[in-house]
Amino acid sequence: GVVAINGTVLERLLEIFGPITSDPTYGVSLDAGNALLSLELHNASVRDKKIYQPKAVIGDLLGEVLGRLSSLKEKDMVRILVALHDALEERDIQIYLEDVALQEQIRAFHWSGEIQGVDEGQDYLMAVNTNLQGGKSDAKIRQTVDYSATVADDGTIIGRAVIRRQHTGVEGAPLYGINNVSYLRLYVPEGAELLDAGGFTFPAEDAFFVPEEWYGDDPRLSTY
């Protein structure tokens, strides 16, 4: 199967068993407060090197993490289990297994990360953001989704979603202080009709790249 793990899970673990240091070859030290930033800055520093293996340090650090796990005290192991459970509940860990029976158990716990199915007449709203060349600025975005539904006498439901996004980063700060351009989608029940949309600010022209002359239309996207 496939297990997807967000970097924030590493921060959760470091809060429990403390800082870790990589092999001197990489010279990376991580703690709960700087783990993701340190890794990203390391990756950026090796981009121009002839041998580009920015993720190699992660494999090195993984050995250190597993070593710490094997020597944890019982009380810390309980904290690890709680941290991993919270990560699963908050979708920082998502799981897909080829074994149908096991995957059904994962799905029952809502750990599979898929778009949930709905019954006929059931309401549903899922906001999905995709960061477009915004570095790691998503970590500094505070997003709220306010949703209300009004049910008419004939059973028709009119939903209203108000989404607010605030960039709390410091402008110019490495990785986090750059412009955040988000491709936002709202998933709703099949057959729902969009009545109105507004309140958007069009991005500045310099936020776009001019397509290269050799670009062509993707036949699959053109079909849609």
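Below, all heavy atoms of this structure are taken into account, side chains as well, without hydrogens, waters or symmetry copies. The structure presented is a predicted model; accordingly, all values stated were derived computationally and were not measured.
Here Asp76 pairs with Arg79 in a salt bridge; the nearest charged N to carboxylate O distance falls below 4.0 Å.
The environment of Asp217 atom CG is sparse: at most 12 non-hydrogen atoms of other residues, nucleotides or ligands sit within 6.0 angstrom. Atom CZ of Phe209 is surrounded by 12 or fewer heavy atoms from other residues, nucleotides or ligands within 6.0 Å. Other residues, nucleotides and ligands contribute only 12 or fewer heavy atoms inside 6.0 Å of the CD atom of Glu171. Within 6.0 Å of atom CD1 in Ile158, 12 or fewer heavy atoms from other residues, nucleotides or ligands are found, so the atom counts as exposed in its surroundings. The neighbour count for Asp153 CG, taken as heavy atoms of other residues, nucleotides or ligands under 6.0 Å away, does not exceed 12. Enclosure of atom CD in Glu98 is not indicated, since only 12 or fewer non-hydrogen atoms of other residues, nucleotides or ligands lie within 6.0 angstrom.
In terms of heavy atoms, Tyr124 sits closest to Pro189 at O-CD, 3.3 Å.
Remark: Arg165 CZ to Ile141 CD1 distance equals 5.0 Å, nearest 0.5 Å. Once rounded to the nearest 0.5 Å, the distance linking NZ of Lys75 with CE of Met77 reads 13.5 Å. Atoms CG and CD, from Asp99 and Gln105 in turn, are 8.5 Å apart once rounded to the nearest 0.5 Å. Between atom CD1 of residue Ile106 and atom CH2 of residue Trp111 there is a gap of 6.0 Å, rounded to the nearest 0.5 Å. Between Ser137 atom OG and Asn179 atom CG the span is 7.5 Å, to the nearest 0.5 Å. In this structure, the separation between CD1 on Ile16 and NZ on Lys73 is 14.5 Å, given to the nearest 0.5 Å.
Remark: Arg12 pairs with Glu90, Asp92 by the side chain to side chain donor-acceptor pair (under 3.5 Å) rule, at least two apart or across chains. Shown here are the salt bridge (Lys or Arg N to Asp or Glu O under 4.0 Å) partners of Lys140, two or more places apart in sequence or in another chain: there are none.
Residues Leu102 and Tyr96 are members of separate hydrophobic clusters, defined by side-chain heavy-atom contacts under 4.5 angstrom among Ile, Leu, Val, Met, Phe, Trp and Tyr. Val151 and Leu195 fall into different hydrophobic clusters, defined by Ile, Leu, Val, Met, Phe, Trp and Tyr side-chain heavy atoms under 4.5 Å apart, directly or through other members. Residues Ile5 and Leu97 share a hydrophobic cluster, clusters being chains of Ile/Leu/Val/Met/Phe/Trp/Tyr side chains in contact below 4.5 Å. In this structure, Leu69 is a member of the same hydrophobic cluster as Leu84, with clusters built from ILVMFWY side-chain heavy atoms closer than 4.5 Å. Residues Ile115 and Val128 share a single hydrophobic cluster, defined by chaining ILVMFWY side chains whose heavy atoms lie under 4.5 Å apart.
At a threshold of 4.5 Å between non-hydrogen side-chain atoms, the residues Gln143 and Asn129 count as touching. The closest side-chain heavy-atom distance from Leu184 to Ile163 is below 4.5 Å. Between Thr223 and Leu221, the closest side-chain pair of non-hydrogen atoms is not below 4.5 Å. Here the side chains of Asn180 and Ser182 are in contact, with some heavy-atom distance below 4.5 Å. Using a 4.5 Å heavy-atom cutoff, the side chains of Phe109 and Glu89 are not in contact. Counting only heavy atoms from C-beta outward, the side chains of Met126 and Arg185 never approach each other to under 4.5 Å. Val181 places none of its side-chain heavy atoms less than 4.5 Å from the side chain of Asn131. Contact annotation: the side chain of Ser112 approaches that of Gln103 to within less than 4.5 Å [non-hydrogen atoms, C-beta and beyond].
Side chain of Thr156 to backbone of Ala152: no donor-acceptor contact under 3.5 angstrom is found. Using modelled atom types, one side-chain atom of Arg68 and one backbone atom of Pro19 make a donor-acceptor pair closer than 3.5 Å. A donor-acceptor pair is defined here as one N or O able to donate and one able to accept, closer than 3.5 Å; such a pair exists between the side chain of His167 and the backbone of Ile178.
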Criterion side-chain contact (heavy atoms from CB on, under 4.5 Å) on His110 and Arg91, from CA distance to verdict:
CA-CA 9 Å; His110 303 293; Arg91 306 296 191 271; 3.8 Å; yes
Start with the C-alpha gap between Asp146 and Arg164, add the side-chain angles, then the distance that decides, and say whether side-chain contact (heavy atoms from CB on, under 4.5 Å) holds.
CA-CA 9 Å; Asp146 295 321; Arg164 297 178 176 88; 2.8 Å; yes
May I have the step-by-step check of side-chain contact (heavy atoms from CB on, under 4.5 Å) for Asp123 and Val118, ending in yes or no?
CA-CA 7 Å; Asp123 199 10; Val118 295; over 6 Å; no
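The closest side-chain donor-acceptor pair between Asn6 and Thr8, if any, does not fall under 3.5 angstrom. Inspection of the Thr150 and Arg160 side chains reveals no N or O donor paired with an N or O acceptor under 3.5 Å.
Listed by first then second residue, pairs satisfying ring-ring contact (aromatic ring centres under 6.0 Å, His included) with a partner in residues 171-196 number zero, not counting sequence neighbours.
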